[in-house]
Amino acid sequence: MGRAPCCDKANVKKGPWSPEEDTKLKSYIEQHGTGGNWIALPQKIGLKRCGKSCRLRWLNYLRPNIKHGGFSEEEDNIICSLYISIGSRWSIIAAQLPGRTDNDIKNYWNTRLKKKLLGKQRKDQQHTRRGSKQITKRDIINQDSRGSLIGPSFHSPYTCHHHHLCRSQFKEASLSMTTPR
DNA sequence: AATACCAGCAACCGCGTAAGT
DNA sequence: TACTTACGCGGTTGCTGGTAT
């Protein structure tokens with residue numbers, strides 16, 4: 001059975017938004033608002049898009065005062081410390097960073113910040129455990145196809161209930177990152 | 001110059017839940 | 001109270017451009 005689709009998939013365009021679609025959506029919402037119904041909105045303005053897709057486009061790109069890229073050191077620190085305290089609640093984290101969207105922060109975390117934090121953590125571990133092995137076979141196995149580290153070596157402490165070390169590892173890594181040198 | 005690989009990011013999917021009936 | 005519908009969120013996918021071989 002499964003879940004009923006939110007729209008007619010056959011008559012809905014997918015993939016990247018064209019400038020024309022952006023203009024249509026933006027000018028309509030600026031004039032009339034969303035009308036409290038995202039699903040009806042694309043039909044109203046003649047867009048062959050799913051309501052969800054319109055909502056996402058508006059929230060992440062078309063909305064005024066959206067910032068993209070160029071995360072500051074301060075923003076990095078806020079994201080890291082919030083991630084440690086609440087986990088991957090991206091919308092809550094985004095609410096603390098004006099102009100940033102949850103999607104942007106999520107991408108930034110997954111592609112860069114996680115590695116940055118991990119690199120820092122590794123450096124610190126090597127420093128404290130001088131002479132110990134550096135990268136293990138397991139580290140390599142734990143790397144997914146995109147090269148990001150997965151598995152016990154880097155769980156979110158709030159999604160992993162099995163590894164007691166996760167929480168302390170995160171805290172340790174974060175502290176070493178947030179505290180000024 | 002061609003190909004393979006990788007990183008970054010935009011967008012989609014599906015679930016949980018709030019709101020409406 | 002039970003059911004339906006739409007929204008919001010987080011995880012994941014897949015495209016694109018850059019870099020390495």
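Since this is a predicted model, take the numbers as computed values, not measurements. Proteins come first, then strands; the chains are lettered A, B, ... in the order of their sequence lines, and each starts at number 1. Computation of the quantities below employed the complete heavy-atom set of this structure, encompassing side-chain atoms and omitting hydrogens, waters and symmetry-equivalent molecules.
Contact annotation: A/Tyr108 does not reach the phosphate of B/dC9 (side-chain N/O to OP1 or OP2, under 4.0 Å). Close to C/dA6, at under 4.0 Å from its OP1 or OP2, lies no side-chain N or O of A/Arg55. Side-chain N/O atoms of A/Trp90 include one lying less than 4.0 angstrom from OP1 or OP2 on C/dG11. Put simply, A/Lys106 has no side-chain N or O that comes within less than 4.0 Å of OP1 or OP2 on B/dC12. Applying the 4.0 Å criterion to OP1 and OP2 of B/dC12, one finds that A/Arg57 has every side-chain N and O outside that range. Of the side-chain N and O atoms in A/Ser53, one or more sit less than 4.0 angstrom from OP1 or OP2 of B/dC12. The side chain of A/Ser91 contributes no N or O atom lying less than 4.0 Å from OP1 or OP2 of C/dG8.
Here the side chain of A/Trp38 is nearest to one of C/dG8, B/dA11, C/dG10, namely C/dG8. Closest to the A/Trp17 side chain, of the nucleotides B/dC13, B/dA11, B/dG8, is B/dA11.
Considering only heavy atoms from C-beta on, A/Ile92 stays 4.5 Å or farther from A/Leu82 through its side chain.
The base of B/dA11 lies outside donor-acceptor range of the side chain of A/Asn60, with no N or O pair under 3.5 Å.
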Point to revise | Criterion salt bridge (charged side-chain N to carboxylate O under 4.0 Å, His left out) on A/Glu21 and A/Lys13, from CA distance to verdict | key: CA-CA 11 Å; A/Glu21 289 176 310; A/Lys13 191 186 164 197; 3.2 Å; yes
